[in-house]
Structures are given as structure tokens and as C-alpha cells.
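In what follows, a structure is listed as C-alpha cells, so that the remarks can point back to it.
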Protein chains: 2
Amino acid sequence: MQVTVDIVIFTIQSGVLKVLLVKRGAPPFVGRFAIPGGFVHEDEALDQAALRELREETGVADVYLEQLYSFGDVGRDPRGRVITVAYFALISADRPLRADTDAAEAKWLAVGQLPTLAFDHAKIIDYALERLRNKLEYTTVGFQLLPEKFTLTELQEVYEAILERKLDKRNFRRKLSLLRILKPLPEYRRGGQRPAQLYRFAAARFEKLRDKGILFPF
Amino acid sequence: MQVTVDIVIFTIQSGVLKVLLVKRGAPPFVGRFAIPGGFVHEDEALDQAALRELREETGVADVYLEQLYSFGDVGRDPRGRVITVAYFALISADRPLRADTDAAEAKWLAVGQLPTLAFDHAKIIDYALERLRNKLEYTTVGFQLLPEKFTLTELQEVYEAILERKLDKRNFRRKLSLLRILKPLPEYRRGGQRPAQLYRFAAARFEKLRDKGILFPF
DNA sequence: ACAAAAGTGTTCGATATACACCCATGT
DNA sequence: ACATGGGTGTATATCGAACACTTTTGT
């Protein structure tokens, strides 16, 4: 039996949630888009295999990565019996993908407008999306989609893009300020109209809250 | 690469949460307890393999079963590279296990007092327990641990056993009655002192609530 | 009659939601 | 000056937590 890892990699670009897909160059499903992945080596753990694939496809290493679910229906790969352990990853929009190697055929596509995908990858993406939406409401994964410094409006746009609904600006900000997990920086984002305060995520503070069982309410 | 499914099967006996474990009769880990499981056949889906193992070990078929997580560290099985897709199952206390075959060496052990287990099975049980506690708070999995007819006190005891804390009787009952997912039966449980009203879970009603996004608050 | 478990309401604090205007800057 | 996005407070409804006594039966 063969085992692969496949990774649903999300990012946000101009307020739209996107997935990284690669166009297949070999059968089966030549020409179709698929999520990046590959076979697990004999001497590597599942998580390591996922990290390796992620690095190979995107060139980035320190990103949010978690195991999603294992898909193992009999007919899911025409080549034979292959079960896949799916992962999902979040990377911030400011990180450029490596432009070399197979990445030539890698593209960010909006999750709302995906073409027909190879294998059972549409199902895997649906599952990842559901997990992401759930996690957004009680964890801080949302910050993983932003660069280290960000404005409150940018953060709110991440939530709105993923949850697909508008949030109230005042309520959003009040909740964040009560949680005290953001650290304002002595810097402002200029370029729009009025300059916006920049913040960074105060992870240490969040760990403490999580240990106390205090969750992230959105 | 070899793929197994292993199943953490929970039940509640006299107010204590227990896991089904089998004593290993063959190496590795002879004599140690392990959670039931086995190799996935070439022609069966993961879920089917889990159902088959569950049936083989317990003789029961229509139980709550969900995929938990896949464990694939390199050294987790001394025989070679084996990754396992772990499942967790809930069965109600009123169902007797089959007494035949390998079940001779199957035992229910309290989750709080487990001996040293085979493989990485202690880790798998920890993970299952965490999942069970979380799911209890926003789904109706709790009912799966009870027979079809049950009293409110019995239901509360299930919650208390799993969450390991006392719940307030009045608050517990009020929440349930607001949800309207229980149907009182024209029957009473006698044998204690004052007879207790019996209820059954009104699954249909619950499906509607879940579709509306109303969750189960404990 | 007494012991044991079943059943039942109210109060209070915390949290979520709805809602509108002024401010600082670029053009 | 005006257009654009940044920033701020209050009122109300809802939900969760704390808390004690009466009722019905078996012995």
C-alpha cells in the first residue's frame, strides 16, 4: 500500500482566500490542477514528509501546518491503492513562492472558483476549508495569514474573507483589545489615507490565555 | 509501507469512562495491552477497515465511529514502517461484547488507570480523550454512550464522567429542555427511590438545529 | 418516619450584537 | 474642500453560573 501526503496551502491575496494548486504534468489527470503532495519516504515521519513537500513546493519552512484527515477510499487513485494523509498550511501573503522548478506550474486560485481538480482533491479542500473556518473561531490561526506587522483592518479582512461575512469594526476591535494579544507598534502603515497603527501578535500572551482555557471568540 | 487502523473504543460503566483494550498474544509487545486494530486490506476503504475491526473485536456494528488522526512516526512499530489511521468509537454500556474468539483477552479498563500500553497507543488514547471532551461540548456524541432509553441523571453522569467535573443539575436540565432534542417517554425507571422519567434522543430534531448552526452547549 | 434520588426558578454577571459619528491624512 | 479609510462608546439582549428546597418513592 502506498502512502502520500497532500497539503492544502491557504493564503489571502487582496482580501480573497486562495489555495495553492499545481498543474499535473504526468498521468493520471494530466493537465488538471491538484494540491501539492507526494509519497512518504520510508524513513520519514508523516509530519516531516508534509514539511518536505511544503518546502519543495513553496520554498518556505516556518509556516503553520497541521494534519487534516486521511483519505483512503479504494478508487481514489487510478494507479492503485494509495491512501493520503492530508495536511493544511497557512502562509502569509508577503512571502513570495520560489519561482524555480515545479513551481512554474503552481498557481494561487480563489477557493470560490476552483476548476475540476485531480483525484479527490476537491473533497480535501472542502474539508480543509471547514477546518479553517472552525479553527478561526477559537484559535489564533488567523494571524498566520498575515505578515508580522499588520493593521487591524487587515486582520479583520482576513476574518471576513474566510468566514465570508462582514464583521462589525467596533466589536471586532473591542474583542481584540480585551484579549490583549496584540502589541501596538510605534509605527504606522502609510499609503492609504489616514495612517493606520501597526500591530504584532503577542504569542506569549496568547499561550497564557489558552492555558487558562480562554478561547478566541469570533 | 504498511497501513493499519486502530480504534479507541469508549464506553461508560458505573459512571467511569473505559477503553477497550486487548492483551497482545504475539510479538511485539507480547502481554501488553493495546487498542484493537489491524491491517487495512487492499480492497477496503479506511472507514470500512475500521468498521470491520470494530465488528471483529466487539461484535457490534451500528456504533458511533469517526476518524481521529494518523500516527506515522518512524519508530512506532518495531516490525518496520507502519502508519496507523486511528479511529474512535463510542458504544453504549448496555451492549455486551461478544465473548468468543480473541475477545477472550479483551478488557474494559478505566482511562484514568491504564497500564503501560503497546506501541504509541497511550498517545493515541490521550488524543482520543481530548477529542471526545471537545466533541461533547458542541455535539451530541454523549448520547452514543447511553442505551436508547435513559434518565436525565444518567445523561448527566455521562457528561460528568467524561469532563471530570460536576455539573449543576438545574442548569443541565434547563439547557437540554431549551434544545428540545429529548423526547420524554411514557415510562419511568424504577428501582431507585423516586422513579425517574425516561427519555430518548430525538435525532431528527437535532439535525435541524445543527443545520441552523445551533450548537450543543456544555 | 426517614433516607434517597427526582424534580424545579430566580438572580446576577459576562458576553455578543446592533448601531453612528468624528479624525487624520492624501489629493 | 472633500474623499477615504482609521478610530471610538453605549444600550440591549442573550447566555452561562451560582444557588436550595419540595416531591415521590422504597425501606
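What you see is a predicted model, and the numbers here were worked out from it, not measured in a lab. Quick note on labels: first sequence line is chain A, next is B, and so on, each numbered from 1.
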Could you tabulate the donor-acceptor pairs under 3.5 Å formed by side-chain atoms of residues 114-121 of chain B, not counting sequence neighbours?
| from | atom 1 | to | atom 2 | distance (Å) |
| --- | --- | --- | --- | --- |
| B:Asp120 | OD1 | B:Arg76 | NE | 3.3 |
| B:Asp120 | OD1 | B:Arg76 | NH2 | 3.0 |
| B:Asp120 | OD2 | B:Arg76 | NE | 2.7 |
| B:His121 | ND1 | B:Ile35 | N | 3.1 |

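The separation between A:Phe172 atom CZ and D:dG7 atom P is 13 Å, rounded to whole Å. Rounded to whole Å, the distance from CG on A:Leu198 to C1' on D:dG7 is 15 Å. Regarding A:Gln197, its CD atom lies at a distance of 12 Å from the P atom of C:dT25, rounded to whole Å. What separates CD of B:Gln156 from P of C:dA6 is a distance of 9 Å, to the nearest Å.
Heavy-atom minimum distance, A:Asp168 versus A:Gln156: C-NE2, 4.1 Å.
Residue B:Arg173 has its side chain nearest to C:dA6 when only C:dA6, C:dT17, C:dT25 are considered. Counting only heavy atoms from C-beta on, A:Gln193 has its side chain closest to C:dG26 among C:dG26, C:dT17, C:dG7.
With sequence neighbours excluded, no residue satisfies side chain to side chain contact (heavy atoms under 4.5 Å, CB included) with B:Asp126. Checked against side chain to side chain donor-acceptor pair (under 3.5 Å), B:Glu164 has the following partners two or more places apart in sequence or in another chain: B:Arg133.
Between B:Arg95 and B:Asp62 there is a salt bridge, since at least one side-chain N of the basic residue sits less than 4.0 Å from a carboxylate O of the acidic one.
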Nucleotide N/O to protein N/O under 3.5 Å, stretch nucleotides 9-13 of chain C:
| from | atom 1 | to | atom 2 | distance (Å) |
| --- | --- | --- | --- | --- |
| C:dT10 | O4 | B:Arg174 | NH2 | 3.2 |

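Bending across the helix from C:dA1-D:dT27 to C:dT27-D:dA1, expressed as the angle between its end axes from five pairs apiece, amounts to 0° (10° rounding).
Scanning residues 185-192 of chain B for heavy-atom distances under 4.0 Å to DNA chain C yields an empty list.
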